[in-house]
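Comments concern the structure below.
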Amino acid sequence: MSETTEPRTLNFLEQIIEADIAAGKHGGRVGTRFPPEPNGYLHIGHAKSICLNSGLAKEYKGTFFLRFDDTNPAKEETEYVESIIDDVKWLSGDDLKDRIFFASDYFQQMYDWAEELIRKGKAYVCDQTPEQMKENRGTPSEPMTPSAGREFSPEKNLELFRQMRDGKFAEGERTLRAKIDLASPNFNMRDPVMYRIVKAEHHRTGAKWIIYPMYDWAHGLEDAIERITHSICTLEFEHHRPLYDWFLDQIDEFSKPGAYRPRQFEFARLNLSYTVMSKRKLLELVKGKFVSGWSDPRMPTICGLRRRGYTPESIRAFCKEIGVARMNSMIDVVKLENAIREDLNKRALRRMGVLKPVKLVIENYPDEKSEMLDAVNNPENEADGTRQIPFSKVLFIEQDDFMEIAPKKYFRLTPGQEVRLRYAYYVKCTGCVKDDAGNVVEVRCN
RNA sequence: UGCGGGAUUGUGUAAAGGUAGCACGAAUGGCUCUGAACCAUUUAGUCGGGGUUCGAAUCCCUGUCCCGCAACCA
């Protein structure tokens, strides 16, 4: 007997993961995460990342975490944290129990590792202002100009760093920088900032910290702490990858032979035709009261789609359908619409409604009579049963369902044409009644 | 400019040297219970130029075009 196996096509991430499992990396385990900064509401673009990460974890029987990358108190709020948790739970169908984390919970650990780098002479305190840093960054052919701190002893830098932590400096006065390469063609490697001073209330740690880790320093550490195996992000972080690896290389715990190492992989973000996804513009719509709020059904936010009637299954199907690649693309929004149509077609209970009514009079139906007719709730699922709908001489139909003078392929009511009324009788249109202005006020048939 | 990515029907996405497939769209036809859905048929593609090979979307060379980055944002 021959086995017919469904030909399964893997996307590039599945191929990488399967190769890693086959090679025994991480003991064959898969751990993914969705790491939003709580600085806004999630939209359909984020849905792609959520479905990807949670989907891969499910597919390979791994773990999926929701982690808030809350490293910039100036932009983050608890309101966003709460909405993101709701949206991710709803979309992924995962209760996220015990699997919601915060970068801010790792601040002390990150700080300790920063001191480790300073002690090793791999990081230093810089006194350049943001403006000076920009001026001194150099050009592709000229190296950057460092500050004196680059040559200070580890002891002195450690002391300065502790002073930063303890509030001896104002915002912008000092930063901690990694000592990497003054002339790297990848500007991310030209001594990137690891910590900056931000004197703002953090939504979780309050005023405990006044120095905050930058994304590049923090992200790989967060992944490493959580034992993420495949750290999936969007394409624009591609040339941050050398930095991601460099930082982990500097920390004993993650650079020892056989030590745990997460890896970064990039994919193309979602672009949807006719859809605004810029956080700034969406915020403008909300603040300017052009919409009723983040969950306005016209918004491309996850909560907006939810209110519009999208099911999580349909959005997941959409994400699976569009695939994942490293090429920038523009998905036609009809693809999203197709996903919900397909889903709802299978499970939605049908109801009839009339938006712009016009009276339909059945001339040969008795004046006083009325009867109840059986209507199928869902033609695609008999189990959904039937309901009763009333029928009488005078009914209301959609204005668009009648045309006095109709084109060739008009299948609705027009004088002389017979149609079937849904769940009821065949009727033939005999004409219509108009008011003084010429508007059709009544359609007649028998 | 430097660095890093990318290029397969209209839009996406497969094919790891061996028949270019799938989905959505579009078109045509069918259907007197949603102009939906469904059914049938059709449409249309490997960026250009060289090379390797019996055979190239795939490997090599070369050109072109597109995207991203050069924040004390993530």
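Below, chain A is the first sequence line, B the second, and so on; all start at residue 1. Note: hydrogens, waters and symmetry copies are ignored here, and every other heavy atom, side chains too, is used.
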Exercise. Would you indicate, yes or no, if B/C73 has its OP1 or OP2 atom less than 4.0 angstrom from a side-chain nitrogen or oxygen of A/R196?
Key: yes
Practice problem: Ignoring the backbone of A/N11, work out which of B/A14, B/C73, B/A70 is nearest its side chain. | Solution: B/A14
Quiz item: Under a 4.0 Å N-O cut-off, is there an ion pair linking A/D191 with A/K179?
Solution: no
Exercise. Would you kindly give the OH-to-P distance between A/Y195 and B/C73, to the nearest whole Å?
Key: 14 Å
Practice problem: Verify the contact: side-chain N or O of A/R280 to OP1 or OP2 of B/C73, cut-off strictly under 4.0 Å; return yes or no. | Solution: no
Quiz item: So which nucleotide from B/A74, B/A37, B/A7 ends up closest to the side chain of A/M327?
Solution: B/A7
Quiz item: Could you give the CD1-to-C1' distance, from A/I210 to B/C72, as a whole number of Å?
Solution: 14 Å
Practice problem: Identify whether any heavy atom of A/Q128 sits under 4.0 Å from a base atom; if not, whether one sits that close to sugar-phosphate; answer base, sugar-phosphate or nothing. | Solution: base
Quiz item: For A/L235 and B/G68, what is the distance between atoms CG and P respectively, to the nearest whole Å?
Solution: 10 Å
Practice problem: Give a yes/no on whether any side-chain N or O of A/T9 is located under 4.0 angstrom from OP1 or OP2 of B/U13. | Solution: no
Quiz item: Which listed nucleotide (B/C69, B/C33, B/A74) is nearest to the side chain of A/F237?
Solution: B/A74
Self-check item: Under 3.5 Å on both distances, the Watson-Crick or G-U partner of B/C33
Solution: none
Quiz item: Got A/E398 and A/P357 here, is their nearest side-chain heavy-atom distance under 4.5 Å?
Solution: no
Quiz item: Given that both distances must come in under 3.5 Å, which nucleotide forms a Watson-Crick or G-U wobble pair with B/C69?
Solution: B/G2
Quiz item: When you measure from the side chain of A/N345, which nucleotide among B/A36, B/G68, B/C72 comes out closest?
Solution: B/A36
Quiz item: Starting at CG of A/L344 and ending at P of B/U34, how long is that distance when rounded to a whole Å?
Solution: 17 Å
Self-check item: B/U41 - base-pair partner by Watson-Crick or wobble geometry, distances under 3.5 Å
Solution: B/A27
Self-check item: Partner nucleotide of B/G48 by Watson-Crick or wobble geometry (both distances under 3.5 Å)
Solution: B/U62
Quiz prompt | Under-4.0 Å side-chain N/O to phosphate OP1/OP2 contact, A/Q15 with B/A15 | solution = yes
Self-check item: Counter-base of B/U19, judged by Watson-Crick or G-U geometry with both distances under 3.5 Å
Solution: none
Self-check item: Lys/Arg-Asp/Glu bridge criterion (N-O < 4.0 Å) met for A/E226, A/R33
Solution: no
Quiz item: When rounded to the nearest Å, what value does the distance between P atoms of B/A23 and B/U41 take?
Solution: 12 Å
Quiz item: Is a donor-acceptor contact shorter than 3.5 angstrom present between the side chain of A/K75 and the base of B/A74?
Solution: no
Quiz item: Can you check the A/K134 NZ to B/C73 P distance for me, whole Å?
Solution: 13 Å
Exercise. Measure the distance from OH on A/Y426 to C1' on B/C31 and round it to the nearest whole Å.
Key: 12 Å
Quiz item: Taking for each residue the nucleotide of RNA chain B bearing the nearest heavy atom, is the 5' side occupied by A/R241 or by A/L421?
Solution: A/R241
Practice problem: Check every atom of B/G29, B/C72, B/A23 against the side chain of A/V193 and return the nucleotide holding the closest atom. | Solution: B/C72
Practice problem: Indicate whether OP1 or OP2 belonging to B/A7 is found under 4.0 Å from a side-chain N or O atom of A/R326. | Solution: no
Exercise. Tell which nucleotide pairs with B/U8, taking only Watson-Crick or G-U wobble pairs whose two distances are both under 3.5 angstrom.
Key: none
Practice problem: Write down the partner of B/A14 under the Watson-Crick or G-U wobble criteria, each distance required to be under 3.5 Å. | Solution: none
Exercise. Would you tell me whether A/Y215 and A/N72 have side-chain atoms, one donor and one acceptor, within less than 3.5 Å of each other?
Key: no
Quiz item: RNA chain B: A/I322 or A/R420, which has the more 5' nearest nucleotide?
Solution: A/I322
Quiz item: Given atom NE2 of A/H239 and atom C1' of B/A74, what is their separation to the nearest angstrom?
Solution: 12 Å
Quiz item: Among B/C67, B/C33, B/A14, which is the nearest nucleotide to the side chain of A/N328?
Solution: B/C67
Quiz prompt | Candidates B/G12, B/C72, B/G4 - which lies nearest the side chain of A/E238 | solution = B/G4
Exercise. Could you check which nucleotide pairs with B/U53 in any of the strands shown, counting Watson-Crick or G-U wobble with both distances under 3.5 Å?
Key: none
Quiz item: Is the A/F101-A/Y106 ring centre distance short of 6.0 angstrom?
Solution: no
Quiz prompt | Rounded interatomic separation in angstrom, taking CD from A/E236 and P from B/C67 | solution = 15 Å
Quiz prompt | Nearest-neighbour nucleotide for the A/P379 side chain, B/G2, B/U34, B/C72 considered | solution = B/U34
Quiz item: Picking from B/G25, B/A74, B/C72, which would you name as closest to the side chain of A/R341?
Solution: B/G25
Exercise. Please determine if A/R67 and A/D223 form a salt bridge, counting it only when a charged side-chain N lies under 4.0 Å from a carboxylate O.
Key: yes
Practice problem: Classify the nucleic acid contact of A/V198 as base, sugar-phosphate or nothing, counting any heavy atom under 4.0 Å across all strands shown. | Solution: nothing
Quiz item: Do NZ/NE/NH1/NH2 and the carboxylate oxygens of A/E171 and A/R196 come within less than 4.0 Å?
Solution: no
Quiz item: Taking the C1' atom of each, how far is B/A44 from B/G25, in whole Å?
Solution: 12 Å
Quiz item: Counting side-chain heavy atoms from C-beta on, which of B/G29, B/U8, B/A74 comes nearest to A/H240?
Solution: B/A74
Exercise. Sticking with atom C1', work out how far B/C67 lies from B/C60, rounded to a whole angstrom.
Key: 26 Å
Quiz item: Closest heavy-atom contact between A/H46 and A/F34?
Solution: CB-CZ, 4.0 Å
Quiz item: When you check the phosphate oxygens OP1 and OP2 of B/G29, does a side-chain N or O of A/K409 lie under 4.0 Å from one of them?
Solution: yes
